[in-house]
*Asks:* 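First, the structure itself, so that you have it in front of you.
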Amino acid sequence: MKPLDPRLLRWARATRWFLLASVLAGVVTTATIIAQAVLLATIITRVFQAGATLADVWPQVTYLAGVIVLRSILAFLLEWVAFHSSARAKSQLRMAVLDHMVALGPQYLESRGSGELTQLTGRGIDALDAYFARYLPQLVLAVMVPIAIIVTVITEDLLAAVIIALTIPLIPIFMILVGLYTDRQVTRQWRTLSILAGHFLDVVAGLPTLKMFGRARAQAATLRDIGDRYRRATMGVLRVSFLSALVLELLATLSVAIVAVAIGLRLVNGTIDLYTGLVVLILAPEAYLPLRMVGAQFHAAADGVAAAEQLLDILEEPVPHHRGTQRIDRRLDRPTVTATHLTVHFPGRPAPALDDFSIVAEPGSITALAGESGAGKSTALRALLGLIDAESGTVALRSGPVLHAMADTEPRDWLDQFGWVPQEPVMVAGTVADNIALGRSGASATDIARAAERAGLAEPGVLTQHVSDGGGGVSAGQRRRIGMARVILRAAPIVLLDEPSAALDEATESLVVTAVNELRTQGHTVIVVAHRPALLEIADQTITLRAPDPDALIPADPTLVLPGLSR
């Protein structure tokens with residue numbers, strides 16, 4: 001675990017100014033520490049050796065009070081700057097990660113799991129407060145203060161300076177040894193928490209299904225087991241943290257004691273004066289304090305640093321496909337969709353999810369994609385949208401004589417040409433009308449109501465019906481109709497529908513079929529994944545996709561065994 005990852009300076013720019021402020025504050029703080037020691041030693045020596053009164057030492061007392069106040073103000077200002085810089089740096093890092101994950105695409109998000117990524121971008125980034133506000137300032141002081149104090153003590157007492165210089169490195173050495181062990185513990189703890197978050201999110205999302213099949217209690221036992229593992233990992237980290245703090249305190253105490261004994265013996269022998277002894281004794285604990293505090297704050301910041309490393313690794317992930325730069329500054333007029341020899345492979349799967357897929361979809365027509373489950377119909381739609389990367393093949397839109405290739409077009413302009421209804425349309429908290437309005441910003445209430453009616457959402461009060469995140473409060477059939485209403489409201493020239501009539505009764509299905517027919521009549525290019533006859537019957541052309549042959553996935557050599565298969 002690096003004290004400061006250079007990548008953090010690049011992605012969270014507020015960190016640079018905070019480090020500069022920390023260095024400046026460290027310089028002034030170091031000066032106040034030395035001035036405080038000198039003034040205290042001067043006051044005590046004059047009072048006890050020269051019999052000075054309060055009036056005699058009043059100027060030094062005033063200076064000492066000013067130094068103490070200045071040191072307190074510096075500590076407050078540094079903490080204030082630290083928390084404000086932390087808020088800005090966290091915001092910059094969070095936005096950078098979210099933007100980069102969007103650029104990486106849905107395929108990457110599915111491979112990482114939404115629970116883990118939510119945990120990282122939420123609680124993980126928030127844990128950086130301790131790193132910025134506590135750990136980094138102490139890290140700066142741990143470098144500057146000991147060096148300045150050793151230089152100052154050399155001018156007063158060479159022996160004490162040698163003792164401090166020889167014992168101070170023991171604290172970083174033990175910190176490194178403890179840190180190496182703690183790093184493994186914290187990483188294990190964070191991985192367990194990520195697994196728990198992802199599994200809990202999946203269980204909550206699938207709770208209706210689990211309840212239907214009587215498997216909810218079994219999942220509760222699994223969650224309890226993962227929670228116990230996380231608790232044990234957390235207690236292991238805390239155990240190491242407390243023991244390491246004890247080790248660092250013991251080292252610092254013994255080191256100061258050695259300096260104090262050496263000064264005491266020489267004071268008795270008269271080989272050192274009281275002023276010098278006091279200056280050294282006051283400065284010696286201050287030399288070890290920043291290093292001890294770094295060790296203490298290291299464990300407080302460990303969770304945030306562990307999460308930040310994973311977030312920075314995400315930011316280093318290369319965008320897997322070429323992003324075009326050519327702009328389409330308008331909606332295309334009656335475009336034709338062409339795809340040639342598209343092949344898509346998913347990692348970890350021996351067979352292609354989509355194999356040698358080609359299509360020509362004309363404006364004012366309906367093209368149906370049929371075939372058994374697993375044949376790649378949904379994958380084909382996502383490949384046309386550019387949401388997943390094809391291993392080979394091309395996709396283009398032709399409008400009149402102009403051809404726009406997906407590989408050359410700016411992704412936002414490309415997506416602007418499409419309206420898409422996936423199998424599970426995304427729902428956000430709000431009303432049904434709010435969710436339909438996602439299809440087009442600024443749409444009027446009349447337009448929303450008209451789109452809802454055409455999609456079969458004509459029941460009284462349905463537009464004001466409440467919807468929670470994930471679609472709670474509406475049925476699966478209503479979610480598909482809301483997605484259909486979005487597409488109608490969006491009025492994009494190309495419409496992609498993934499089984500829009502699934503989970504609908506015959507009466508509602510007829511409304512959806514009528515809406516799809518209207519889209520064709522209005523000149524839209526419609527591509528629909530369909531299993532049910534009602535949609536297949538109105539299609540102008542049907543492309544049947546076939547799933548890969550299971551026998552083709554088994555190696556011909558009987559000595560070869562695929563992972564996860566037994567002989």
Side-chain angles (χ1 to χ4, degrees), residues 331 333-337 359 361-371 377-378 380-381 384 417-427 431-440 443-465 467 471 474-544:
R331 290 278 179 86
D333 181 32
R334 299 176 61 86
T336 298
V337 180
I359 185 175
E362 300 287 348
S365 70
I366 299 175
T367 300
L369 303 183
K377 300 182 296 298
S378 298
L381 295 188
L384 294 176
Q417 309 302 321
F418 291 86
W420 179 41
V421 180
Q423 290 185 12
E424 295 294 335
V426 174
M427 297 289 125
T431 63
V432 169
D434 294 333
N435 278 272
I436 295 174
L438 294 176
R440 190 178 79 210
S444 66
T446 303
D447 291 339
I448 294 172
R450 187 180 299 114
E453 183 179 0
R454 288 175 59 190
L457 291 167
E459 301 95 334
V462 67
L463 292 179
T464 58
Q465 185 176 339
V467 182
V474 292
S475 66
Q478 283 181 311
R479 287 199 293 272
R480 281 184 168 83
R481 282 181 284 165
I482 291 171
M484 190 70 192
R486 277 185 197 157
V487 165
I488 294 171
L489 183 65
R490 181 172 173 78
I494 306 165
V495 177
L496 306 182
L497 308 173
D498 196 346
E499 299 188 43
S501 61
L504 301 181
D505 56 44
E506 290 185 4
T508 308
E509 182 186 36
S510 66
L511 294 175
V512 171
V513 171
T514 301
V516 174
N517 254 324
E518 288 181 3
L519 291 171
R520 169 173 55 185
T521 304
Q522 294 169 358
H524 295 273
T525 306
V526 182
I527 303 174
V528 56
V529 172
H531 281 127
R532 297 170 68 162
L535 284 171
L536 292 172
E537 289 172 358
I538 65 170
D540 296 290
Q541 63 171 331
T542 299
I543 300 175
T544 303

*Asks:* Between Ala370 and Thr542, which heavy-atom pair has the shortest distance, and what is it?
*Replies:* CB-CG2, 4.0 Å
*Asks:* Does CD belonging to Glu453 count more than 12 external heavy atoms closer than 6.0 Å?
*Replies:* no
*Asks:* What are the two closest non-hydrogen atoms of Val487 and Gly419, and how far apart are they?
*Replies:* CG2-C, 3.9 Å
*Asks:* Kindly say whether Gly371 contributes a backbone atom to a donor-acceptor pair with the side chain of Lys377 at under 3.5 angstrom?
*Replies:* yes
*Asks:* Mind checking the OG1-CD spacing from Thr521 to Glu518? Nearest 0.5 Å is all I need.
*Replies:* 7.0 Å
*Asks:* With the side chain counted from C-beta on, respond yes when Ile527 and Leu497 share a heavy-atom pair under 4.5 Å apart, and no when they do not.
*Replies:* no
*Asks:* With a 4.5 Å limit on heavy-atom distance, are the side chains of Leu489 and Leu438 in contact?
*Replies:* no
*Asks:* Within the distance-only criterion (no hydrogens, no angle test), does the side chain of His524 pair as donor or acceptor with the backbone N or O of Ala492 below 3.5 angstrom?
*Replies:* yes
*Asks:* To the closest 0.5 Å, what do you measure between CD (Glu499) and OG (Ser378)?
*Replies:* 6.5 Å
*Asks:* Using every non-hydrogen atom in the two residues, find where Val528 and Pro500 come nearest and quote the distance to one decimal.
*Replies:* CG2-CD, 3.7 Å
*Asks:* Are the side chain of Thr525 and the backbone of Pro335 linked by a donor-acceptor contact shorter than 3.5 Å?
*Replies:* yes
*Asks:* Would you say Gln478's side chain and Ser475's backbone share a donor-acceptor pair under 3.5 angstrom?
*Replies:* yes
*Asks:* Hey, are the side chains of Val513 and Ser501 touching, using non-hydrogen atoms and a 4.5 Å cut-off?
*Replies:* no
*Asks:* Has the side chain of Arg490 got a donor or acceptor atom that lies under 3.5 Å from a matching backbone atom of Phe418?
*Replies:* yes
*Asks:* Working to the nearest 0.5 angstrom, can you tell me the gap between Arg440 CZ and Ile488 CD1?
*Replies:* 12.0 Å
*Asks:* Heavy atoms only: give me the nearest Ala455-Val512 pair and the separation to one decimal.
*Replies:* O-CG2, 4.2 Å
*Asks:* Would you find a donor on one side and an acceptor on the other, under 3.5 Å apart, between the side chain of Arg479 and the backbone of Met427?
*Replies:* no
*Asks:* Just by distance, with hydrogens left out, do Thr514 and Asn517 show a side-chain donor and acceptor under 3.5 Å apart?
*Replies:* no
*Asks:* Identify the two heavy atoms, one from Thr367 and one from Ala361, that lie closest to each other, and give their separation to 0.1 Å.
*Replies:* OG1-CB, 3.7 Å
*Asks:* Evaluate the side-chain proximity of Asn435 to Arg486: yes if any heavy-atom separation is below 4.5 Å, no if none is.
*Replies:* yes
*Asks:* Return yes if some donor-acceptor pair links the side-chain N/O of Arg331 with the main-chain N/O of Ala491 below 3.5 Å, else return no.
*Replies:* yes
*Asks:* Could you check whether any side-chain N or O of Thr464 sits under 3.5 Å from a backbone N or O of Gly461, counting only pairs where one atom can act as donor and the other as acceptor?
*Replies:* yes
*Asks:* Between Arg481 and Glu459, is the salt bridge (charged side-chain N to carboxylate O under 4.0 Å, His left out) condition met? List the steps.
*Replies:* CA-CA 12 Å; Arg481 282 181 284 165; Glu459 301 95 334; 3.3 Å; yes
*Asks:* Look up atom CG in Leu535 and atom CD in Glu537, then write down how far apart they are to the nearest 0.5 Å.
*Replies:* 9.5 Å
*Asks:* In this structure, which one of Val474, Ile436, Leu511, Ile448 forms a side-chain contact (heavy atoms from CB on, under 4.5 Å) with Leu457?
*Replies:* Ile436
*Asks:* With no hydrogens and no angle check, is any side-chain donor or acceptor of Arg520 less than 3.5 Å from a backbone partner on Gly364?
*Replies:* no
*Asks:* State whether the side chain of Asp498 and the backbone N or O of Val421 hold a donor-acceptor pair below 3.5 Å, judged by distance alone.
*Replies:* no
*Asks:* How many angstroms lie between atom OG1 of Thr431 and atom CG of Leu463, to the nearest 0.5 angstrom?
*Replies:* 7.5 Å
*Asks:* As an exercise, state the distance from CZ of Arg480 to CD of Gln423, rounded to the nearest 0.5 Å.
*Replies:* 6.5 Å
